[in-house]
Each structure stands twice: as structure tokens, then as C-alpha cells.
Amino acid sequence: AVVSTQSTGIVRRALKNDSIGAGAGAIEMELRKELRNYAKTILGKELRLITAYAKALEVIPRQLCDNAGFDATTILHKLRRKHAQGGKWMGMDITSEDKADNFETCVWEPSIVKKTALT
């Protein structure tokens, strides 16, 4: 019953806010990359804070891998590499136990859900 209520809420928000992004860890990995790049431009305590936040964003894709029984270390390494090469929609692919362009494969989530979770 809880999952059904949560799913209904997500669908309702998606219909009201038509902006979407790739799911399955793609957004978190892209934000991680951008924050780490930004961290290279600053010094001091802010550097540590931003680096820690970037690392914390990997918890979502890591947990998705763990829940699916996948080797999280290997998949996260592949995702980091693809995001560094410009693959901003790359997330985990549960069907192949690998990575995929989740925007292309229709693994989406409403942007409002992600914005709410991160703020």
C-alpha cells in the first residue's frame, strides 16, 4: 500500500511538472562530476564541504546497485568514466548489470522529485 501511494504521488507530480531527467543514478553521478570539477577551483573548508557532498551523491547509485545484487564498485567506476566523457544521462542498467543512457532507455524521473530531495 505504501509503494502504491508513493507511486501515485510521483505520477501526479510528473503530470503537474513536465520536466524529467534520467533516473537510476544518472542525475546524482552528473551532479557529483560537476561538484568535483567546481571543487578544483576553490580552497579551504569549502573545498572539503563540496567534495564531501559530491561523494555523498554516490550513495544513491551505490544503493541501487547493492539492492539489485550488482558489483557497485565496478558500475560506479564505469559511470564516473562515462560522465567524465560527457555522458550526462548515464545511469545503472538493471537489465544488463551495466550502465546505460537512461534518458534514451526511458528510465526517467520527474525533475521536481530530484529538486525536492536535494534541497
Side-chain angles (χ1 to χ4, degrees):
V2 173
V3 172
S4 177
T5 304
Q6 291 172 343
S7 299
T8 304
I10 289 172
V11 170
R12 188 176 334 109
R13 282 190 291 268
L15 292 172
K16 287 182 182 179
N17 304 284
D18 60 355
S19 175
I20 59 169
I27 293 172
E28 289 83 1
M29 293 303 290
E30 184 66 14
L31 286 172
R32 174 210 170 273
K33 179 195 79 170
E34 292 297 327
L35 285 172
R36 294 200 43 100
N37 287 341
Y38 175 67
K40 294 174 186 175
T41 68
I42 58 175
L43 300 172
K45 290 180 184 179
E46 287 179 339
L47 169 67
R48 290 182 184 169
L49 176 68
I50 291 169
T51 303
Y53 194 82
K55 184 176 181 180
L57 287 170
E58 282 192 358
V59 168
I60 300 298
R62 179 176 297 281
Q63 191 62 53
L64 291 171
C65 289
D66 289 345
N67 290 351
F70 300 161
D71 179 7
T73 303
T74 300
I75 293 176
L76 286 175
H77 176 71
K78 290 178 181 181
L79 287 173
R80 285 184 209 109
R81 189 173 34 203
K82 284 306 249 183
H83 279 268
Q85 296 169 349
K88 73 178 187 175
W89 300 122
M90 298 301 288
M92 69 169 280
D93 181 1
I94 197 163
T95 58
S96 67
E97 194 172 334
D98 203 8
K99 66 196 172 342
D101 182 329
N102 285 339
F103 206 82
E104 239 179 62
T105 59
C106 302
V107 179
W108 305 327
E109 60 183 302
S111 297
I112 190 72
V113 172
K114 194 56 62 184
K115 287 177 187 175
T116 302
L118 293 171
T119 58

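Here, residue 1 is the first one in the sequence, and each next residue gets the next number.
Within the 3.5 Å criterion, the main-chain N or O of Y38 finds a donor-acceptor partner in the side chain of T41.
Here CG of N37 is found 6.0 Å from CD of E34. Values are rounded to the nearest 0.5 Å. Here the OG1 atom belonging to T51 is positioned 10.5 Å from the NZ atom belonging to K55, to the nearest 0.5 angstrom.
Pairs engaging residues 104-119 under the salt bridge (charged side-chain N to carboxylate O under 4.0 Å, His left out) rule: E28-K114, E109-K114 [sequence neighbours left out]. For residues 80-95, the set of pairs meeting the salt bridge (charged side-chain N to carboxylate O under 4.0 Å, His left out) definition, not counting sequence neighbours, comprises E58-R80.
Around the CD atom of E46, the shell of radius 6.0 Å holds no more than 12 heavy atoms that belong to other residues, nucleotides or ligands. Heavy-atom neighbours of I50 CD1 from other residues, nucleotides or ligands within 6.0 Å: above the threshold of 12.
Residues K33 and E30 form a side-chain contact, since some pair of their non-hydrogen atoms from C-beta on lies under 4.5 Å apart.
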Donor-acceptor pairs are to be reported for all side-chain atoms of residues 67-78 against protein atoms at under 3.5 Å, with residues two or more places apart or in another chain.
residue : atom : partner : partner atom : Å
N67     : OD1  : Q63     : NE2          : 2.8
D71     : OD1  : T73     : N            : 3.3
D71     : OD2  : T74     : OG1          : 2.5
K78     : NZ   : D98     : OD1          : 3.0

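The shortest heavy-atom contact between Y53 and L35 is CD2-CD1, 3.5 Å.
M29 and L57 fall into different hydrophobic clusters, defined by Ile, Leu, Val, Met, Phe, Trp and Tyr side-chain heavy atoms under 4.5 Å apart, directly or through other members.
Partner of T116 under the side-chain contact (heavy atoms from CB on, under 4.5 Å) criterion, chosen from L118, V113, I112: I112.
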